[in-house]
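Notes for the one structure printed next.
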Amino acid sequence: MPEGIEVEIYRQAADPIVGHQITSVDCPDEWFLKEGATAEHVSDAVVGQRVETTRRIGKLMLVDLSNGVTVGLRFGMTGRLLVDDSGPIDELEYGPKATKDEWVRFRLSFDNKRQLFLHDPRRLGGVILDPDESKLGDDMFSITQERLQERVLVGTVALKARLLDQKRVAGIGNLICDETLWQSGIRPDRAANSLTPTEQSTLHTTLLQTVETLFKQGGSHTGELQSERHRAGHCPTDGTELSREKIGGRTTYYCDVHQK
DNA sequence: ACATTAACCTGTTGGC
DNA sequence: TGCCAACAGGTTAATG
């Protein structure tokens, strides 16, 4: 469930490592290293380097090092970032609540005694050296209405599938998507190019507002719809039983009455 | 080129 | 009570 919001929270929690030198790296699970990298490759690329900046595009966290290498961190759906022995987010909506050493997939140690851990029980996350950033669309926190129209509101594919497509707009996950569409009053199964100008504008405004609100509230699971996102859940506004369908390959909850 | 589906991973949940 | 299939969601490979 880490969506763009959680990754931004992780990124901010990593502030204490900025400007510091990496003294060692630990890759207990080489499977977690993507694109053919080995523990040795990673070690050669990062040990002794200083962290210049941290960035984020969508759900991808980026750590820029003094030698020009960028370390990309992906969290899948159960990945958490911990600084020293605690994380900014203690538990995730659909993951195990516990923290276990065996679930630590990647660890960086710094000259200020800090340690950064990537904890991921389900191993759907990963570490990528110099990830291809061009594969990601504009970030959901700041996408303009123009770009939303150009990149997302095109074609006859279901609107929800478009919103989840990371190369068109980056950072939206299943929960933010359902919440945004519900708040917008627009059905997830509408063709992406079928929105009226008014709906296009509403969707853009609502997306930015929803992202901002959920971020301030501390996670993508804090939306109004979330408590009813289960079988036989009811619409918080009108009490109708929510529809449950697979759209864009993901379980989707929406209100058949007020989402048009 | 584009769209859809399946596979990946594994801890938790719910039905029998 | 125990077993096991279904489920969760982000990503990518495979298929249509």
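Naming: A, B, ... by sequence-line order, numbering from 1 per chain.
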Separation of atom [atom1] in [X] from atom [atom2] in [N], rounded to whole Å:
| X | N | atom1 | atom2 | answer |
| --- | --- | --- | --- | --- |
| A/E6 | C/dG10 | CD | P | 9 Å |
| A/K160 | C/dG10 | NZ | P | 9 Å |
| A/E102 | B/dT10 | CD | C1' | 12 Å |
| A/L118 | C/dG10 | CG | C1' | 14 Å |

Can you check whether any acceptor in the base of C/dG10 is under 3.5 Å from a donor in the side chain of A/R250, or vice versa? yes
Between A/W31 and B/dC8, does any side-chain N or O lie under 4.0 Å from OP1 or OP2? no
Below the 4.0 Å mark, does B/dC8 have OP1 or OP2 next to a side-chain nitrogen or oxygen of A/R122? no
Distance-only side-chain donor-acceptor flag, A/S66 / A/E52, under 3.5 Å: no
Shortest side-chain distance from A/R123, nucleotide among B/dG11, C/dG10, B/dC9: B/dC9
Base, sugar-phosphate, or nothing: which does A/R162 touch, judged by heavy atoms less than 4.0 Å apart? sugar-phosphate
Looking for any heavy atom pair under 4.0 Å, which part of the strands does A/T251 touch: base, sugar-phosphate only, or nothing? sugar-phosphate
Please determine if A/E133 and A/R55 form a salt bridge, counting it only when a charged side-chain N lies under 4.0 Å from a carboxylate O. yes
Taking only residues two or more places apart in sequence or in another chain, which ones pass side-chain contact (heavy atoms from CB on, under 4.5 Å) with A/D256? A/R187, A/S243, A/Y254
Taking the six-membered ring for Trp, are the ring centroids of A/F32 and A/F106 within less than 6.0 Å of each other? no
Sticking with atom [atom1], work out how far [N] lies from [M], rounded to a whole angstrom.
| N | M | atom1 | answer |
| --- | --- | --- | --- |
| C/dA5 | B/dA7 | P | 16 Å |
| C/dA14 | B/dC9 | P | 14 Å |
| B/dA1 | C/dT11 | P | 24 Å |

